[in-house]
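Note that the coordinates shown come from a computational prediction; the quantities given were computed from them, not determined experimentally. We number each residue from 1, following the sequence as shown.
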Amino acid sequence: MSAERPYSRMVLPYYLGASIARVPRLHRYARLARRVEGQDHAGPPSQVAGRRGSQLTLDDGATVEYDDCLIATGSRAARPPVDGAEGPGVHSFWTLDEARAVIAGVQPGTKVVMVGAGFISFTILNAILARGAHLTIVEIAPRILPRMVDEACARVVAAWLERHGVTLRVGATLTKIED
């Protein structure tokens, strides 16, 4: 269980780029800091009057009835298995706290290296450029956006990036990160 309050990770790039001032919280259905102690699964919803639905019992004794239950156990950003990936100044961009650390570290003129040139990277790179950073993108594939676009489209996007001062290193394998 995470101590983080629920929010939408989809808005983190907009928070980084300062197009929104804060990350909206999602509280409507959240039971914060509660663990499920038991589950009573009654099967599919019934049209029979009086039959109760499925139910969870929480660690504080409260119960929650449901028709469908989604167990969202969370995930975490993958770090490359290279020397220095856990060092200072190396950030993931998965949680609100990580976004805040990136914001604190990216000032005008900062040199930023982004590892990976896929869809998620592209949601973040405009925000980094908007903060006035100098950006280099390192991608192991022979072109950017390798799973999304063909080679011709990748060339168009690469040209746009280069016109905006981005240095591209494609077909490059990250082997070490030094402080």
Side-chain angles (χ1 to χ4, degrees), residues 1-82 84-106 112 114-128 130-131 137-141 144-150 153-154 157 174 177:
M1 176 171 55
S2 172
E4 241 179 3
R5 295 182 57 92
Y7 61 88
S8 173
R9 284 193 172 100
M10 298 299 292
V11 301
L12 290 179
Y14 305 103
Y15 180 63
L16 174 63
S19 59
I20 61 172
R22 64 179 185 83
V23 175
R25 304 274 184 191
L26 306 174
H27 296 291
R28 185 172 177 193
Y29 298 107
R31 299 280 180 133
L32 302 176
R34 297 276 56 97
R35 290 185 182 271
V36 174
E37 295 289 329
Q39 177 188 29
D40 179 11
H41 181 66
S46 172
Q47 300 298 326
V48 178
R51 176 163 175 181
R52 67 186 175 109
S54 299
Q55 175 175 295
L56 299 175
T57 303
L58 305 181
D59 61 353
D60 64 355
T63 59
V64 178
E65 289 194 18
Y66 66 91
D67 293 322
D68 295 298
C69 180
L70 169 67
I71 299 173
T73 58
S75 61
R76 54 192 314 229
R79 294 264 179 145
V82 299
E86 299 297 328
V90 179
H91 302 279
S92 293
F93 193 78
W94 192 246
T95 68
L96 183 55
D97 285 342
E98 290 167 339
R100 287 178 177 139
V102 171
I103 289 168
V106 177
V112 175
M114 181 179 294
V115 179
F119 175 74
I120 300 301
S121 297
F122 274 75
T123 64
I124 299 168
L125 72 84
N126 277 319
I128 290 174
R131 292 187 161 276
I137 298 175
V138 177
E139 170 58 51
I140 194 169
I144 60 170
L145 296 169
R147 293 182 190 95
M148 291 188 62
V149 300
D150 63 16
C153 184
V157 175
L174 180 66
I177 301 171

Item checked: Minimum-distance pair of heavy atoms, taken over all atoms of A127 and P13 -> CB-O, 3.4 Å

Check: If we only count heavy atoms from C-beta on, is the V157 to V149 side-chain gap below 4.5 Å?
Finding: no

Check: To the nearest 0.5 Å, what is the distance between CG (D97) and NE2 (H91)?
Finding: 12.5 Å

Next item on the list: Mind listing the closest non-hydrogen atom pair of L12 and A99 along with its distance?
Entry: CD2-CB, 4.1 Å

Next item on the list: Answer yes or no: are there more than 12 heavy-atom neighbours, outside Y14 itself, under 6.0 Å from its atom OH?
Entry: no

Item checked: pair L56-T63: side-chain heavy atoms closer than 4.5 Å -> no

Checklist line | Which atom of Y66 lies closest to which atom of Q55, heavy atoms considered | finding: CE2-N, 3.6 Å

Check: CD1 of I103 to OH of Y15: how many Å apart, nearest 0.5 Å?
Finding: 4.5 Å

Notebook entry, point to check: At what distance, to the nearest 0.5 angstrom, does CZ of R131 lie from CG of L16?
Noted result: 5.5 Å

Margin query: Distance check, rounded to the nearest 0.5 Å: R35 atom CZ versus L58 atom CG?
Written below: 12.0 Å

Next item on the list: Heavy atoms only: give me the nearest L145-F119 pair and the separation to one decimal.
Entry: CD2-N, 4.0 Å

Checklist line | Heavy-atom closest pair, residues M114 and I124 | finding: CE-CG2, 4.0 Å

Note to self: A141: which residues meet the side chain to side chain contact (heavy atoms under 4.5 Å, CB included) condition with it, sequence neighbours left out?
What the structure shows: E139, P146

